[in-house]
Protein chains: 2
Amino acid sequence: MDGRTHTRQRNRAAIQEAALRLFAEQGYEATTVAQIAREAGVSHMTFFRCFPTKEDVVLDDDYDPMLEELVRARPAAEPPVERVHRATMAGLGQVYEHHREALLGRVGLLLSIPGLRARIGENLASARTAFERGLTPEGEEPGVETRAVAAACASALAEAVIAWSEVHERAELPDVIDRVFHALRGLPAPAQGSRP
Amino acid sequence: MDGRTHTRQRNRAAIQEAALRLFAEQGYEATTVAQIAREAGVSHMTFFRCFPTKEDVVLDDDYDPMLEELVRARPAAEPPVERVHRATMAGLGQVYEHHREALLGRVGLLLSIPGLRARIGENLASARTAFERGLTPEGEEPGVETRAVAAACASALAEAVIAWSEVHERAELPDVIDRVFHALRGLPAPAQGSRP
DNA sequence: ACCGAAAATGTTAGTCACTAACATAATACG
DNA sequence: CGTATTATGTTAGTGACTAACATTTTCGGT
């Protein structure tokens, strides 16, 4: 293991931990980068070397690499939105049970900060890219249609997550996502809780 | 006519004109808000009272109010994506001939500025809202499905506009939009130049 | 046409995210 | 163990954006 990148990872983690704690304690706007850096025991320059902007401390996840493969695994004969729909449902089952609370917390923080709320779509740019690559045969460039479908599905997914976070006591995320994709595809809504 | 709001409109226009000219001359980052305000003959405070952020000088259009009505005019029995698709095609025909060059210039500026490129989706938040309202029966609140479809269509539309701006010598925007929406709906691609 | 009220604009001074330049400390590698 | 490399700190700056208050402009009523 490289000692340099190791220390860098430690700094990253320390900064993110301090930042999220301070955001929770006193709010996002009221927390300055300098304060985060001080709490994390680094200078504010190190902060910016780890996170290009203050917002990026929150916008940071990556379940995404998996999505690309799941989309690609669907038969190419399916309509693209259906491929993304089924791939998303499949991938979600694998992580939802274990990460439900963490996901809820992160989304809640995002929604509570106007400046970040606007960037949720951008956050899903990674999902967008995953969909795009999964829909594109290997070795080819994605066409306009593929890019548009990927972007549209990522937006729809983001909307589903937002909606779920607002009603997470009455609905489960997989159900919401299922309903959203059904609507996108012009299909009737599925029965509630009809998933296995 | 109210003289106060009238002057305000004049300021807005003067600021936007000066800003776009300076951006074209010396680039976006190299142009300061103070400079724009000076050129427009106002103080920088007036700038911020007209445009909440520097980016909003560029992110500002408003063909959008029309879209809502066009969507609402489509029969509610149609699948929502189709309603948005046909409404967009109808609305575009009304303005594309006259505003083609202006649109191209604006989009080109957006794409040339990384900070703005990330906010294109957000710019289409206005289109999103228009779609959402048009899809929602009057007096009701939009459901998750409606919000997601509206967001997805706005993203797809943005992607179409971006793609068109990159190949505007070989393709017309209405054709690109048509292809994108066909792909979203899982339909085969329409014939090129098949519109009237 | 004039006057007080209300709203828009200007002035000033400040905060804070973010960057560039250079100094210094930590680490790898011969 | 010494030297090149890389991470980190320090300092000083820019520029977007805001708050508080002074000033001018515009409006409705007389």
Side-chain angles (χ1 to χ4, degrees), chain A residues 1-20 22-23 25-60 109-110 112-119 122-123, chain B residues 1-23 25-60 109-110 113-119 122-123:
Chain A
M1 161 107 51
D2 189 338
R4 291 194 269 224
T5 56
H6 181 251
T7 316
R8 179 156 189 161
Q9 300 293 70
R10 275 236 322 278
N11 276 342
R12 247 188 92 92
I15 290 169
Q16 196 161 33
E17 203 173 350
L20 294 179
L22 289 171
F23 292 163
E25 283 173 20
Q26 43 179 293
Y28 179 81
E29 306 288 348
T31 305
T32 75
V33 169
Q35 188 182 6
I36 297 168
R38 190 169 351 108
E39 288 280 310
V42 299
S43 78
H44 81 281
M45 282 304 300
T46 299
F47 177 98
F48 284 114
R49 279 192 264 259
C50 291
F51 301 94
T53 77
K54 181 183 176 186
E55 295 179 348
D56 285 309
V57 182
V58 185
L59 302 172
D60 199 47
L109 178 58
L110 282 189
S112 72
I113 302 161
L116 291 177
R117 188 167 193 146
R119 284 187 63 186
E122 180 187 347
N123 187 22
Chain B
M1 158 116 45
D2 190 337
R4 292 195 266 223
T5 58
H6 182 251
T7 316
R8 178 156 189 161
Q9 301 291 71
R10 273 236 325 275
N11 276 344
R12 250 187 92 90
I15 289 170
Q16 196 161 34
E17 203 173 351
L20 294 179
R21 181 167 47 79
L22 290 172
F23 291 163
E25 283 173 19
Q26 43 180 303
Y28 178 80
E29 306 288 348
T31 305
T32 74
V33 168
Q35 188 182 6
I36 297 169
R38 190 167 355 107
E39 287 281 310
V42 299
S43 79
H44 83 282
M45 282 305 300
T46 300
F47 177 99
F48 284 114
R49 277 192 265 260
C50 291
F51 300 94
T53 77
K54 181 183 175 186
E55 295 179 346
D56 285 309
V57 182
V58 184
L59 302 173
D60 195 50
L109 178 58
L110 282 188
I113 302 161
L116 290 178
R117 187 167 193 146
R119 284 188 61 185
E122 180 188 347
N123 184 24

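Basis for what follows: all heavy atoms, side chains included, without hydrogens, waters or symmetry-related copies. Chain identifiers are assigned alphabetically (A, B, ...) following the order of the sequence lines, protein sequences preceding nucleic acid strands; residue numbering begins at 1 within each chain.
The nearest whole Å value for the distance from the CZ atom in B/F48 to the P atom in C/dG10 is 14 Å. If you measure from atom CE of A/M45 to atom P of D/dT6, you get 17 Å, rounded to the nearest angstrom. The distance from atom CZ of A/R12 to atom P of D/dA7 is 14 Å, rounded to the nearest whole Å. Between A/F51 atom CZ and C/dT19 atom C1' there is a gap of 19 Å when expressed in whole angstrom units. Per the geometry, CZ belonging to B/F23 stands 12 Å off C1' belonging to D/dA16, to the nearest Å.
Side-chain proximity of B/R49 to D/dC17, C/dG10, C/dA17: nearest is C/dG10. For A/T46, the listed nucleotide lying nearest its side chain is D/dT8; candidates were D/dT8, D/dC17, D/dA12. Picking from D/dC17, D/dG15, C/dG10 the nucleotide with the shortest atom distance to the side chain of B/T32 gives D/dG15. Each of C/dC18, D/dA16, C/dT19 was ranked by its minimum atom distance to the side chain of A/K54; first place goes to C/dC18.
For A/N11 and D/dA7, the shortest distance from a side-chain N or O to OP1 or OP2 is not below 4.0 Å. Between A/S43 and the phosphate of D/dT10, there is no side-chain N or O to OP1/OP2 separation shorter than 4.0 Å.
Judged by distance alone with a 3.5 Å cut-off, a donor-acceptor contact links the side chain of A/H44 to the base of C/dT19.
Residues A/Y28 and A/L22 form no side-chain contact, since every pair of their non-hydrogen atoms from C-beta on lies 4.5 Å or further apart. For the pair B/V57 and B/F47, the minimum side-chain heavy-atom distance is below 4.5 Å.
A salt bridge links B/E25 and B/R21; the closest N-O separation between the charged side-chain nitrogens and carboxylate oxygens is under 4.0 Å.
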